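Here is the naming used below: chain letters follow the sequence lines, and residue numbers restart at 1 for every chain. Nothing here was measured: the structure is a model prediction, and the numbers come from that model.
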Number of protein chains: 2
Amino acid sequence: MGKISNMENQSDDGKLNRAFADSLGYLLTQSGRLFRENLAEALVPLGLSLPEYGSLRLISLNTPMSQGVLGSRYGIDRTTMVAVVDNLEERGMVRRERSASDRRSYRLSLTAKGKKVLSRALRITTNEQQKFLVPLSSSEWAILKDCLGRLIETHMKAPELIEGKDNVKTARQRKRNKNA
Amino acid sequence: MGKISNMENQSDDGKLNRAFADSLGYLLTQSGRLFRENLAEALVPLGLSLPEYGSLRLISLNTPMSQGVLGSRYGIDRTTMVAVVDNLEERGMVRRERSASDRRSYRLSLTAKGKKVLSRALRITTNEQQKFLVPLSSSEWAILKDCLGRLIETHMKAPELIEGKDNVKTARQRKRNKNA
DNA sequence: TATTGTTATACTCTATAACTATA
DNA sequence: TATAGTTATAGAGTATAACAATA
């Protein structure tokens, strides 16, 4: 395996970071990756993957929720969401009930256990986030989240405004259409 | 397919963004994904994928470079890097020469064509980045990049400081070790 | 013995197509 | 006809293990 000494690697990381200090893609990709790694690791004791954790959060925000809507909120296909919900249901965190008004769709909701696990996960997340943000002052964090929020709001809405129907697509779906 | 109307989706996006306005993971993941999508699309005319583009940039920063080092800089395994470099070499953008001092390893460098394509790609990137950053003032962007740079520098170095040897690992490798 | 690049293979995550049941 | 959820399958992206050449 490609073993590189500590010192060599640290100084190289530093050089890399300086060379990419103005590259938005590098900055967002690396920081996001590093935080997701930390968070995913911190959630291991709860047995929650990031998609599972995200699903619990989304369901708690808007109960009841159908599986398809949950998938599109999280950004994965409804066929992929099946296994995620299967898993959460088997472990007693999510309840599937058939909707009375439309018996094809589920009303997903959190069980007592699901709420408990989620609240633990939220505490862990808060903790990880605080640890991660140590290098920033509170006013810097305020600016950071405001800026990122505005970037997301701006660029998330754009596609729907210019495309026609069938406009709720995941990144992959858009990519495939382009290639087709 | 899960089709959701424009209006419903836009207001739901707004609600989602507000609910996750303090969630670092959400903010970094979404903003990063949106920018990567834009950039990847803008680079299609040059026939460059993001890993190919990143490899060209890394090689240009530090010529000559071995394949293994290139992989660890970009964050993918050297076995995965083989195909990326194969592709760039076949298209005449990257040159592979055996190192005189260590004939196992390659000295990777950009060809004239590689430099030309990279300079076009850099111009495209600058343009995409400017478009993406329109919602921010220039002082906000200055703060944003400073903050993200410090977060990366802080959390990228930490693992090497506490782990022993074999410390240059990708996220996946660290994850697998944890699970083992 | 260890390392660079390579190949064959397998794993993870995700989507597409075809299905069932409902609408 | 169309949609919600399901299943089977395929694809993209990635890694691990074993190899040859070289150190």
Taking only residues two or more places apart in sequence or in another chain, which ones pass side chain to side chain contact (heavy atoms under 4.5 Å, CB included) with A:Ala121? A:Leu43, A:Leu46, A:Leu48, A:Tyr53
Residues which pass ring pair (Phe, Tyr, Trp, His ring centres under 6.0 Å) with B:Phe35, listed by chain and number, not counting sequence neighbours: B:Phe132
Let me confirm one number: the OH-CZ distance from B:Tyr74 to B:Arg57, rounded to the nearest 0.5 Å. 11.0 Å
Taken to the nearest whole Å, CG/B:Asp77 to P/C:dC11 is 16 Å
Among all residues two or more places apart in sequence or in another chain, which pass the ring pair (Phe, Tyr, Trp, His ring centres under 6.0 Å) test with A:Phe20? A:Tyr26
Please tell me if the side chains of B:Val85 and B:Ser55 come closer than 4.5 Å, counting only heavy atoms from C-beta onward. no
Rounded to whole Å, how long is the line connecting atom CZ of B:Arg107 with atom C1' of C:dT4? 15 Å
Could you state the CD1-C1' distance from A:Ile76 to C:dT16, rounded to the nearest angstrom? 15 Å
So, using side chain to side chain donor-acceptor pair (under 3.5 Å) as the criterion, who are the partners of B:Thr80 when residues are at least two apart? none
Value in whole Å for how far the C1' atom of C:dT14 lies from CZ of B:Arg33: 14 Å
Touch class at under 4.0 angstrom, heavy-atom based, for A:Ser105 against every strand present: sugar-phosphate
State which residues pass side chain to side chain donor-acceptor pair (under 3.5 Å) with A:Arg150; sequence neighbours excluded, sorted by chain then number. A:Asp146, B:Glu140
Return the angle between end axes of the helix from C:dT1-D:dA23 to C:dA23-D:dT1, with five pairs used per end and rounding to 10°. 10°
Contacts of type side chain to side chain contact (heavy atoms under 4.5 Å, CB included), residue A:Lys116, not counting sequence neighbours: A:Arg120
Go through residues 84-92 of chain A and report each residue with a non-hydrogen atom lying under 4.0 Å from DNA chain D, sorted by number. none
B:Arg98 has an atom CZ; how far is it from atom P of C:dT4, in whole Å? 12 Å
For B:Leu148, does its backbone N or O pair with a side-chain atom of A:Ser31 as donor and acceptor, under 3.5 Å? no
List the residues meeting side chain to side chain donor-acceptor pair (under 3.5 Å) with B:Ser60, not counting sequence neighbours, and say none if there are none. none
Length of the line joining A:Met81:CE and C:dT14:P, which is rounded to integer Å: 9 Å
Apply side chain to side chain donor-acceptor pair (under 3.5 Å) to B:Thr63 and list each qualifying residue two or more places apart in sequence or on a separate chain. none
Separation of C:dT22 atom C1' from A:Tyr106 atom OH, nearest Å, is 12 Å
Name the pairs: protein N/O against N/O of nucleotides 18-23 of chain D, kept only if under 3.5 Å.
from	atom 1	to	atom 2	distance (Å)
D:dA23	OP1	B:Arg103	N	2.6

Between C:dT6 (P) and B:Leu70 (CG): distance, integer Å: 12 Å
Look at the side-chain N and O atoms of A:Arg96 and state whether any lies under 4.0 Å from the OP1 or OP2 oxygen of D:dT6. yes
May I ask you to verify if any side-chain N or O of A:Tyr74 is less than 4.0 angstrom from the OP1 or OP2 atom of C:dT14? no
If only side-chain N and O atoms of A:Ser66 are considered, is one of them under 4.0 Å from the OP1 or OP2 phosphate oxygen of D:dA4? no
Show me the pairs that pass salt bridge (charged side-chain N to carboxylate O under 4.0 Å, His left out) and involve residues 101-114 of chain A, at least two apart or across chains. A:Asp102-A:Arg104
